[in-house]
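First the structure, in the form of structure tokens, and then the observations on it.
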Amino acid sequence: TNPVVQKLLARWMATLQGVLGDTSGTVVDVGIGEGFALERMFPDGTEAVGLEYRHDKALVASQKLPAVSVVRGDAGVLPFPDRSADLVTSIEVLEHLPGYEQAVAEMARICGGRLVVSVPWEPWFRLGNLGRGKNVRRIGNDPEHVNFFSPRTLRKALDQHFDDVRIVKAFPW
């Protein structure tokens, strides 16, 4: 309901849509959650495979997005063949994974085209939370975030597996 947050979210989604470009071919979204990001990123009816670890979230995503095949699984052990996806997305996931390095390696393995990852840009994301009174006792940190990325640390995580890494900022992501 916060108009500033709504404006930031809209700008972030517009940036993501611009980065995504062509969404034809085999699309795999790692960490689909309830499908909120996927439903905003892709045109209605875009076929994709969404991977989700939690059963409750996978169920919501499968009901919300009938064109998306939802598979339960772990981002660190993806149930897809090597180079089987033309586009792999992972939106707001890596900051939640204690072993995000294995998830990045797995996404690189299945990626036969492009990978698009979004993470909160720290410390700005936390400062934004503090500014709006969210997670004050945790100094603005989301209780589920166990990793913190700046553009430099995100590049470092991706450079190990990808030759062409581009960091596109959409403050505070």
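None of the values given here were measured: they were computed from a predicted structure.
Nearest approach of Leu8 to Pro172, heavy atoms of both residues: CD1-CD, 4.2 Å. Taking each heavy atom of Ala61 and Gly33 in turn, the nearest pair found is CB-O, 3.4 Å. Closest heavy-atom contact between Pro98 and Val146: N-CG2, 3.7 Å. The shortest non-hydrogen separation linking Ala108 to His161 is CB-CB, 3.5 Å.
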Exercise. Starting from the C-alpha separation in whole Å, work towards a yes-or-no answer on side-chain hydrogen bond (donor to acceptor under 3.5 Å, both in side chains) for Ser118 and Glu92.
Key: CA-CA 5 Å; Ser118 174; Glu92 302 301 295; 2.9 Å; yes

Exercise. Go through the steps for Val68 and Leu38 under the test side-chain contact (heavy atoms from CB on, under 4.5 Å), then give the verdict.
Key: CA-CA 9 Å; Val68 176; Leu38 202 63; 3.8 Å; yes

Quiz prompt | Pair Lys64-Glu34, salt bridge (charged side-chain N to carboxylate O under 4.0 Å, His left out): steps then yes or no | solution = CA-CA 8 Å; Lys64 183 187 298 192; Glu34 296 94 345; over 6 Å; no

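Taking 4.5 Å as the limit, some side-chain heavy atom of Thr23 sits within range of a side-chain heavy atom of Pro43. Within the 4.5 Å cutoff, the side chain of Pro151 has heavy atoms near those of the Lys169 side chain. Side-chain atoms of Leu20 and Thr89, non-hydrogen and from C-beta on, do get closer than 4.5 Å to each other.
Expressed to the nearest 0.5 Å, how far SG of Cys111 lies from CG of Asp86 amounts to 8.5 Å. The CZ atom of Arg155 sits 11.0 Å away from atom OG of Ser150, with the distance rounded to the nearest 0.5 Å. To the nearest 0.5 angstrom, Ile91 atom CD1 is 15.0 Å from Phe36 atom CZ. Once rounded to the nearest 0.5 Å, the distance linking CG of Asn141 with CG of Asn135 reads 7.0 Å.
Criterion: ILVMFWY side-chain heavy atoms under 4.5 Å apart, direct or through other members. Under it, Phe125 and Val168 are part of a common hydrophobic cluster. Both Ile139 and Trp124 belong to a single network of hydrophobic side chains, linked directly or stepwise wherever heavy atoms of I, L, V, M, F, W or Y lie under 4.5 Å apart. A single hydrophobic cluster is seen to contain both Phe171 and Leu127, as judged by linkage of ILVMFWY side chains at heavy-atom distances under 4.5 Å, directly or through other members. Linking Ile, Leu, Val, Met, Phe, Trp and Tyr residues whenever their side-chain heavy atoms come within less than 4.5 Å places Ile32 and Val19 in a single cluster. Follow the hydrophobic side-chain contacts under 4.5 Å out from Met41 and you reach Leu9 in the same cluster.
Checked against the 6.0 Å centroid threshold, Trp173 and Trp121 do not count as a close aromatic pair.
Between the side chain of Arg126 and the main chain of Glu122, no donor-acceptor pair closer than 3.5 Å is present. Between the side chain of Asn2 and the backbone N or O of Val5, at least one donor-acceptor pair lies under 3.5 Å. At distances below 3.5 Å, not a single donor-acceptor pair connects side-chain atoms of Arg40 with backbone N or O atoms of Ala10. Formation of a donor-acceptor pair under 3.5 Å by the Asn129 side chain with backbone atoms of Gly140 is found in this model.
Shown here are the salt bridge (charged side-chain N to carboxylate O under 4.0 Å, His left out) partners of Asp56, two or more places apart in sequence or in another chain: Arg54.
In this structure, Leu51 shares a hydrophobic cluster with Val28, Val30, Val49, Val71, Leu78, Phe80, Val88, Val93, Leu94, Leu97, Tyr100, Val104, Met107, Ile110, Leu115, Val117, Val119, Phe149, Leu154, Leu158, Phe162, Val165, Ile167, the cluster being traced through Ile, Leu, Val, Met, Phe, Trp and Tyr side chains under 4.5 angstrom apart.
Ion pairing of Arg72 with Glu52 is absent here, as no side-chain N (NZ or NE/NH1/NH2) approaches a carboxylate O to less than 4.0 Å.
Counting heavy atoms of neighbouring residues, nucleotides and ligands inside a 6.0 Å radius, atom CD of Glu47 does not exceed 12 of them.
Sorted by first then second residue, the salt bridge (Lys or Arg N to Asp or Glu O under 4.0 Å) pairs that include residues 94-111, not counting sequence neighbours, are Asp82-Arg109, Glu106-Arg109.
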